[in-house]
Amino acid sequence: MRLSRPLAGLAAAALLGTGVLSGCGVSEIQAAPGVAAEIDDRQISVAEVDDLSVATCEVLRSNPELLGQGYTGSTVRDTVLAQLAQREIADLIAAENDIDGDVIYGSAAQQARLGLAQADSEALEEVLPVFASSGYLRAVVAEVVDPALDGDADDATRTAAYQTYLSAWQAAHDISTNPLFTEVDFTAPEERRNELSVAVSDEAVELLTLDPAAVRLEERLPASQRCT
């Protein structure tokens, strides 16, 4: 899972940064309820991911510019889990380095509020972790890594250094991901998964082979698996 996977700052980037998207929604059927991811002794539940995914879709619906053509349910759920995991990791790194994570998260959350200014305020507060956690993690890592970098280092150099740090951090900690979701992993490049961990319809299997740029998947997905 690359640090830039869901980008923070602008509301759309938090989801649009995950790759090719089409339809958004969360099925009410849970194939494998339980733990979505575990980071050291901290757990993120499947129920938490599902609930926050529903709220995230509602926020996206409130702004057509953010929703675009929509998102698949799996994309939203993967993004929500990635963001929740990044917040947990940022909290742990902050604690390990005597950094006040609350202050840094507060700044990231305020930036997310500005990007989602047209969203319903109550719903927005609920989904802030989805849009703020990448920025929070990056800022925390910057606090640790930047002092060792050349003052003239460009963004690419800094990002590479942050990625190296996160890869080393992951190697020293226990991170596990439920196979229902894309793996939380800072050590390998993101790849689109072509396998399915649960039984699905023939149509769903077919969708894996289609070029997302050539077909609007949200027109073919069940209503429970899309947000348009």
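These values consider heavy atoms only, across backbone and side chains, with no hydrogens, waters or symmetry-generated copies.
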Val184 side chain reached by Gln170 side chain, heavy atoms, under 4.5 Å: no
Would you give the length of the straight line joining atom CD1 of Ile104 to atom CZ of Arg138, rounded to the nearest 0.5 angstrom? 13.5 Å
Inter-residue atom distance Asp102.CG - Asp91.CG, 0.5 Å rounding: 7.5 Å
Which heavy atom in Ala132 sits nearest to a heavy atom in Ala108, and how many Å separate them? O-CB, 3.5 Å
Considering all heavy atoms of both residues, which atom of Ala142 and which atom of Pro147 are nearest to each other, and what is their separation? O-CD, 3.9 Å
Report yes if the side chains of Ser133 and Leu84 come closer than 4.5 Å at any heavy-atom pair, otherwise no. no
Of Thr79, Asp78, Thr177, which is the lone residue that meets side chain to side chain donor-acceptor pair (under 3.5 Å) with Thr182? Asp78
Among Leu128, Val140, Leu137, which one satisfies side-chain contact (heavy atoms from CB on, under 4.5 Å) with Tyr105? Leu128
About how many Å separate CZ of Arg113 and CD of Glu125, when rounded to the nearest 0.5 Å? 4.5 Å
Using a 4.5 Å cut-off on heavy atoms from C-beta on, say whether the side chain of Asp146 contacts that of Val141. no
Working for side chain to side chain contact (heavy atoms under 4.5 Å, CB included), residues Leu166 and Ile93: CA-CA 10 Å; Leu166 285 170; Ile93 292 173; 3.9 Å; yes
Side chains of Ile175 and Trp169: closer than 4.5 Å at any heavy-atom pair? yes
Determine whether the side chains of Asp50 and Ser53 contain a donor N or O and an acceptor N or O closer than 3.5 Å. no
What is the distance from atom CG of Leu124 to atom OG of Ser62, rounded to the nearest 0.5 Å? 8.5 Å
Full working for side chain to side chain contact (heavy atoms under 4.5 Å, CB included) between Tyr162 and Val144: CA-CA 9 Å; Tyr162 300 163; Val144 178; over 6 Å; no
Nearest heavy-atom neighbours spanning Thr157 and Ala153: CG2-CB, 4.1 Å
Here the gap from Gln111 atom CD to Phe131 atom CZ, rounded to the nearest 0.5 Å, amounts to 13.0 Å
Distance-only donor-acceptor pairs under 3.5 Å for side chains of residues 35-42, two or more places apart:
unit_1	atom_1	unit_2	atom_2	d
Asp40	OD1	Asp174	N	3.0
Arg42	NH1	Glu88	OE1	2.9

Write down the atom of Phe181, the atom of Arg77, and the distance for their closest heavy-atom approach. CZ-NH2, 3.5 Å
State, yes or no, whether a side-chain contact exists between Tyr136 and Gln86 at a heavy-atom distance under 4.5 Å. no
Heavy atoms from other residues, nucleotides or ligands near CG of Asp150 exceed 12 (cutoff 6.0 Å): yes
Kindly write out the residues that satisfy side-chain contact (heavy atoms from CB on, under 4.5 Å) with Ser167, not counting sequence neighbours, or none if the list is empty. Thr187
Which heavy-atom pair separates Gln83 from Ser134 by the least distance, and what is that distance? NE2-OG, 2.5 Å
Hey, does Glu126 have a side-chain heavy atom less than 4.5 Å from the side chain of Glu58? no
